[in-house]
Amino acid sequence: MSMPVAGAPFHIKDWLNTMHIFGVFSDEDTPGVSTATFEGIDDDLVVTVPVMKGDKGDDGMPSPVVVLQRDYTAVPTPADLPQTLTEADAGKAWWFPGTAEAYVWFGDRYLTRPLGAEGRPGPVPQLSFSIERKAPGTGTTITQTGSAAAPHLHIAVDPPAGPQGPASAISLASDYNDALPPDNGQVLTWNQALNSGNGLWEPSDFASMHPMFFSIPENAFTNMSSIISGRMTILSFAMPALDYAWVPHITGHFKAIGIDLNILDPFKIGAEVRIGDPMNGTLVARGVGNIAQECTVTPHFSSPGDPGVSVSPDNGVAQIAAGVATTINVNLVNDGLIGLYSFNRQNAQLAVLCIPQGA
């Protein structure tokens, strides 16, 4: 047997041992009245003590509320934790994926604290969106409505202003004639005569060369009785200027009496309608008398001296130019005979339809 090292324990003997330890209950004021029992065999030891509820202990230190930081890019590992924090940063904590602890800053150092168990996935909100475009410079806003489970976000976007575009109003366009303000009901019309013959758009009463209708009442006619051969004017009616070229379509009726002074027999009196000059103006309508002394006027443009005259859309016959006023004249006619003409305007009437014509 070798010599043991001084101070080192060495084995002497094994034996089975039973140990009894007694304690006597104490009320903390009377000593020695608590008991306890210990029984041990080899490596087994049983300690029996009374089960009692003691007094409430002192309050422990409160657990700090941590503020979890989520800057994983700036602090990817514990080695990257910031070292310049102060007491004002106490409570900041970092958790790194794959670990069960959080690093908490206590004002002067980091301590690790275990994390709780991972909870169940929470509900996924059902998001909905609407977007509107606002006027530039009014600011972008986001308004949330709906519930927490189904929130709705309305986004009002303030886009940057782009370059100035063309005129938004016709009256601001460079090819618009703004010499006179438009009146209610007028429409846009191209006038080639403006702008040195290059034309401009301008407001006009003339929509798309729409016809206009006029009626000439009986009080516009003049009662006449005269001995004459040839023509006798019973109406001169001034027509207003229109802003487009037009030809007249004239119809009407009246009653006139003619008597041959040689034999004192009645004769039929006809009528003609001319524009401009009563005697030499352009012929636009004629009426043939009958034995009842009634005369009905219808459009008529030719004459015995010029039987080939007719009106077509572009030949200019009987056309009144745009912006020009004219006069409509009605003459009683009885070629070649001298007689008594008698006209009474009662129930006389003429209708004029102004039909757009020409360029």
Checklist entry - For Met232 and Leu332, what are the C-alpha separation, side-chain angles and deciding distance, and is it a side-chain contact (heavy atoms from CB on, under 4.5 Å)? => result CA-CA 5 Å; Met232 183 175 72; Leu332 297 182; 3.6 Å; yes

Item to check | Stepwise side-chain contact (heavy atoms from CB on, under 4.5 Å) check, Thr222 with Leu235 | outcome: CA-CA 6 Å; Thr222 302; Leu235 172 72; over 6 Å; no

Checklist entry - Yes or no on side-chain contact (heavy atoms from CB on, under 4.5 Å) for Gln186 and Asn184, after CA distance, side-chain angles and deciding distance? => result CA-CA 6 Å; Gln186 289 186 317; Asn184 185 43; over 6 Å; no

Next on the checklist: Assess the residue pair Gln144 and His152 against the criterion (side chain to side chain donor-acceptor pair (under 3.5 Å)); give the C-alpha distance rounded to whole Å, side-chain angles, the decisive distance to 0.1 Å, and a yes or no.
Outcome noted: CA-CA 6 Å; Gln144 180 176 335; His152 177 81; over 6 Å; no

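Considering only heavy atoms from C-beta on, Thr233 comes within 4.5 Å of Met279 through its side chain. Annotation: side chain of Trp201 is not in contact with side chain of Ser171 (no heavy-atom distance under 4.5 Å). The side-chain heavy atoms of Gln319 and Val317, taken from C-beta on, include no pair separated by under 4.5 Å. In this structure, the side chains of Leu81 and Val75 come closer than 4.5 Å at one or more pairs of heavy atoms. With contacts defined as side-chain heavy-atom distances shorter than 4.5 Å, the pair Gln357/Val311 qualifies. Ile155 places a side-chain heavy atom less than 4.5 Å from the side chain of Phe129. For the pair Gln69/Tyr103, no side-chain contact is recorded, criterion being any heavy-atom separation below 4.5 Å from C-beta on. Inter-residue side-chain proximity for Pro299 and Thr251 is flagged as met; some heavy-atom pair is nearer than 4.5 Å.
One finds the CG atom of Asp158 at 11.0 Å from the CD atom of Glu132 (value rounded to the nearest 0.5 Å). Considering CD1 of Ile275 and CD1 of Ile328, their distance stands at 8.0 Å, rounded to 0.5 Å. How far CG of Asn195 is from OH of Tyr176: 14.5 Å, rounded to the nearest 0.5 Å. Taking OG1 of Thr189 as the reference point, atom CG of Leu200 lies at 12.5 Å (rounded to 0.5 Å). Taken to the nearest 0.5 Å, the CG atom of Leu111 stands 5.0 Å off from the CZ atom of Arg113. Atom CZ of Arg286 and atom CD1 of Ile250 lie 14.0 Å apart (nearest 0.5 Å).
In this structure, a donor-acceptor pair under 3.5 Å is absent between the side chains of Ser303 and Asp306.
Between Arg274 and Glu272, at least one side-chain N (NZ, or NE/NH1/NH2) sits under 4.0 Å from a carboxylate O, which counts as a salt bridge.
Qualifying side-chain contact (heavy atoms from CB on, under 4.5 Å) partners for Asn191, counting only residues two or more places apart in sequence or in other chains: Ala193, Leu194, Glu202. Scanning for ring pair (Phe, Tyr, Trp, His ring centres under 6.0 Å) contacts around Trp105 gives Tyr110, with sequence neighbours left out.
A distance-only check finds a donor-acceptor pair linking the side chain of Lys134 to the backbone of Gly139 [under 3.5 Å]. In this structure, His253 contributes its side chain and Lys255 its backbone to no donor-acceptor pair below 3.5 Å. Under the 3.5 Å distance criterion, the side-chain polar atoms of Gln126 are left unmatched by any main-chain donor or acceptor of Ala149.
Nearest heavy-atom pair, Val284 versus Pro248, reported as atom, atom and distance to 0.1 Å: CG1-CG, 3.9 Å. Between Asn315 and Ser310 the shortest heavy-atom distance is ND2-O, 2.9 Å. When every heavy atom of Leu350 is checked against every heavy atom of Val330, the shortest pair comes out as CD2-CG2, 3.7 Å. For the residue pair Ala318 and Val247, the shortest heavy atom distance occurs at O-CG1, 3.4 Å. In this structure, Met239 and Cys354 approach most closely via the heavy-atom pair CE-SG, 3.7 Å. Between Cys295 and Ala271, the closest heavy-atom pair is SG-CB, 3.7 Å.
Here the options are Thr327, Asn331, Asn329, the test is side chain to side chain donor-acceptor pair (under 3.5 Å), and the partner is Ser236; only Asn329 passes. Just one of Val352, Ile216, Thr326 meets the side chain to side chain contact (heavy atoms under 4.5 Å, CB included) condition when paired with Phe237; it is Ile216.
With hydrophobic clusters built from ILVMFWY side chains whose heavy atoms lie under 4.5 angstrom apart, Trp246 shares a cluster with Met212.
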For residues 86-98, please give each side-chain donor-acceptor pair under 3.5 Å, one per line with the distance, not counting sequence neighbours.
| from | atom 1 | to | atom 2 | distance (Å) |
| --- | --- | --- | --- | --- |
| Thr86 | OG1 | Ala88 | N | 3.3 |
| Asp89 | OD1 | Lys92 | NZ | 3.1 |
| Asp89 | OD2 | Thr86 | N | 3.0 |
| Trp94 | NE1 | Asp71 | OD1 | 3.2 |
| Trp95 | NE1 | Thr99 | O | 2.9 |

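The neighbour count for Ile170 CD1, taken as heavy atoms of other residues, nucleotides or ligands under 6.0 Å away, does not exceed 12. Taking a 6.0 Å sphere around CG of Leu180, one finds it holds 12 or fewer heavy atoms contributed by other residues, nucleotides or ligands.
Taking the six-membered ring where tryptophan is involved, the planes of Phe221 and Phe254 are tilted, since the angle between them lies from 30° to 60°.
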